[in-house]
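Written out below as structure tokens is the structure these notes cover.
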Amino acid sequence: MNKSGHFFLLFFSTIAFSSLIPFNLIFGQSAMINVSGRNTALLNGEWQVIIDPTGIGDWREVWKEKKPERKTDFVEYSFEGGPVLNVPGDFNSQKPELTFYEGTIWYKKTFTCDLKNGNRLFIHFGAVNYKADVYLNGELIGNHEGGFTPFQFEITNLIQPGENRLIVKVNNLRLKDGLPGLGYDWFNYGGITRDVHLIETESSFIEDYFIRLQEHSFNEVSGWIKINGDKLSQNIEIRIEDLNINYKTRSNDDGIAEVKFPAKPDLWSPENPRLYKVIIQSETDSLSDEIGFRSIELKGTKILLNGKPVFLKGVNIHEENPLKGVKAFSKEDAALLLNWARELGCNFVRLAHYPHNEYMIELAEKMGLMVWEELPIYQHIEFAEPGMTDKMDLMLREMIRRDRNRCNVVIWSLSNETYDFTPGRNNALIELTKKCRGLDSTRLITSVINNHGYNNNTFNVWDTLFRYFDIISLNEYLGWYIPWQGKPEEVKWEPVVDNKPVIISEFGGEALYGSNYGPKDEAAYWSEEYQEKIYKDQIEMFSTVPNLSGVCPWLLVDYRSFGRMHPVYQKGWNRKGLLSDKGEKKKAWFVMKNYYNKK
Ligand code: GCU
């Protein structure tokens with residue numbers, strides 16, 4: 001065995017050994033909210049990188065950036081003279097050799113910081129897919145798992161005068177016990193995919209708050225404010241000029257201030273997406289936010305928005321800019337996707353299957369689009385694996401914490417198409433639903449089910465967990481994966497899902513824009529006409545669905561998924577979009593738009 005053989009044996013045994021020791025010093029701290037409203041410096045831009053397909057960087061301790069000292073020394077890695085990658089952004093679309101890459105890439109960024117005396121400093125990541133180990137000046141400061149939610153680390157006592165070296169080990173390997181797991185129908189974009197901020201705060205600052213319309217009321221605002229720091233008990237003012245509100249409260253010794261005051265806001269709705277400038281002023285900090293006030297609740301089988309029944313005219317969207325073939329992260333990407341949804345006639349969007357970036361949520365709120373947010377607990381999840389509950393809880397907390405002040409977020413979805421025969425699934429989702437209700441009782445909660453039978457044109461839907469959800473959400477692909485067994489308008493439903501609203505959270509079929517390869521009534525040629533027919537039939541069927549309160553085509557636009565391998569019709573794209581990857585409108589688009597215009 002040659003030298004390298006010995007070396008690799010040594011190296012791989014070390015890897016085996018090191019993966020046994022959890023080296024996480026600090027899990028990602030809960031990220032403070034409203035980052036854009038704070039005193040921050042962006043660390044976006046070009047980052048130096050080391051692409052590490054074998055993962056040997058751990059053994060080489062890349063974060064130490066060793067330099068040769070003696071004449072006989074040499075170091076087999078360096079960021080200097082190496083490639084760079086843009087942040088934010090996925091790495092797969094930035095270099096052809098990274099297109100299919102799933103593994104480790106080391107990112108480096110240097111910064112200097114002149115911290116005001118007594119102030120604190122945090123490094124905040126909007127998201128890193130999938131695992132991040134973060135080093136500062138050669139020391140591990142912490143790590144985070146989960147590709148779609150923010151996390152931060154306090155570095156007040158870790159920074160040094162002059163240049164600071166931030167190194168992030170990013171790994172997007174799919175994991176059996178990951179969230180999502182090994183198999184999912186979207187592109188595994190890896191990288192530092194959202195903004196990176198340095199945040200400077202006073203020693204005590206407003207860490208978190210929840211300001212909303214009191215449940216079951218149109219003229220009372222309630223909530224709380226949380227102070228972080230050494231001065232927890234503070235006087236706090238909330239000012240809403242447009243409502244002549246100047247409310248005073250005080251945080252207690254735990255830093256929590258209760259909020260409750262009468263107000264008569266214009267209620268937020270798709271027709272009137274009214275937001276109010278809300279200033280929260282404490283003795284040591286001040287934040288402003290644009291907040292809307294609305295109520296979302298159930299009444300029997302109806303979903304009520306501001307006390308009136310509402311039908312959710314939705315569309316599913318993945319966080320991808322198809323025109324560029326990259327993971328979406330910017331305001332422009334959000335505008336592209338949401339303007340298409342608006343043009344389709346939507347008042348609602350399901351952001352599948354994971355929390356999208358904040359620009360999406362914020363722009364949707366300004367545009368009057370209600371939002372369904374979802375956790376990537378998708379299909380085959382190892383619910384019974386040790387540590388899985390903690391991972392799910394962390395993601396749930398991070399999602400709710402980031403977006404609970406966005407009034408357009410009306411539904412939390414905790415999972416998609418998981419199976420009640422999966423060990424641990426039922427209990428895990430029951431507990432997660434309870435935790436979600438505990439964290440936020442002001443929104444509707446669901447999980448998407450596709451457990452159904454279809455015989456003799458009769459739909460049989462069941463799931464032992466239905467009773468825990470506010471809404472029954474069903475994915476069904478009649479006309480595509482499942483051929484019709486009768487007239488769509490004569491579909492029967494058994495058992496009629498008792499007293500809850502139903503949302504068809506996915507339906508549809510594939511078409512390659514302009515495909516003209518064969519008979520239009522045969523699925524195998526991916527024709528627009530075949531997809532168009534599916535939509536016409538589905539709309540016929542909708543009239544049979546008991547308690548139908550919303551529908552959501554799968555999906556707005558074709559998107560990348562390497563499981564879709566037909567070399568002519570798919571080429572690594574899921575072609576169920578109503579728009580092609582170039583934004584071209586397929587025939588089914590007009591069927592759906594027409595339906596929404598009438599609805
Ligand atoms: C599923 C799933 C989607 C998937 C879609 C499809 O229902 O929820 O993530 O992309 O079907 O098969 O296209």
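Both counts, for ligands and for their atoms, begin at 1 and track the order of listing.
- The pair Lys586-Asp558 meets the salt-bridge criterion, with a side-chain N (NZ, NE, NH1 or NH2) lying under 4.0 Å from an Asp/Glu carboxylate O.
- A salt bridge does not link Lys520 to Glu528: none of the charged nitrogens lies less than 4.0 Å from a carboxylate oxygen.
- Those atoms of ligand 1 that come under 4.0 Å of a heavy atom in Asn574, given as number and element, are 6 (C), 10 (O), 13 (O).
- Between Lys327 and Glu319 there is a salt bridge, since at least one side-chain N of the basic residue sits less than 4.0 Å from a carboxylate O of the acidic one.
- There is a side-chain donor-acceptor pair under 3.5 Å between Trp412 and Asp440.
- Residue Trp480 places no heavy atom under 4.0 Å from ligand 1.
- For ligand 1 and Asn475, the ligand atoms under 4.0 Å from any heavy atom of the residue are 7 (O), 8 (O).
- When Trp554, Tyr378, Tyr477, Tyr481 are ranked by how near their heavy atoms come to atom 12 (O) of ligand 1, first place goes to Tyr481.
- Those atoms of ligand 1 that come under 4.0 Å of a heavy atom in His353, given as number and element, are 3 (C), 8 (O), 9 (O).
- Of the protein's non-hydrogen atoms, Lys576 NZ, 2.6 Å is the one closest to atom 13 (O) of ligand 1.
- Contact check on Asp470 versus Lys500 returns no salt bridge, with no Lys/Arg side-chain nitrogen under 4.0 Å from an Asp/Glu carboxylate oxygen.
- In the vicinity of Tyr559, heavy-atom distances shorter than 4.0 Å reach the ligand 1 atoms 10 (O).
- Short contacts between ligand 1 and Glu417, defined as distances under 4.0 Å to a heavy atom of the residue, involve ligand atoms 1 (C), 2 (C), 7 (O), 8 (O).
- Nearest protein neighbour of atom 2 (C) of ligand 1, counting heavy atoms only, is Glu506 OE1, 3.4 Å.
- In Phe507, neither the side chain nor the backbone holds a heavy atom less than 4.0 Å from any atom of ligand 1.
- Between Phe91 and Tyr101, the distance separating the two ring centers is shorter than 6.0 angstrom.
- Neither the backbone nor the side chain of Val448 comes within 4.0 Å of ligand 1, counting heavy atoms alone.
- Using a 4.0 Å cut-off between charged side-chain N and carboxylate O, Arg560 and Glu320 make no salt bridge.
- Only the side chain of Arg564 comes within 4.0 Å of ligand 1, judged by heavy-atom distances.
- Looking only at protein heavy atoms, the nearest one to atom 4 (C) of ligand 1 is Asp185 OD2, 3.2 Å.
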Exercise. Run the numbers on Tyr359 and Phe329 for ring-ring contact (aromatic ring centres under 6.0 Å, His included), then give the verdict.
Key: CA-CA 8 Å; Tyr359 298 123; Phe329 63 80; 8.5 Å; no
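- A salt bridge links Lys533 to Asp537: one of the charged nitrogens lies within less than 4.0 Å of a carboxylate oxygen.
- Residue contacts with ligand 1 for Asn416 involve side-chain atoms from C-beta outward but no N, CA, C or O (heavy atoms, distance under 4.0 Å).
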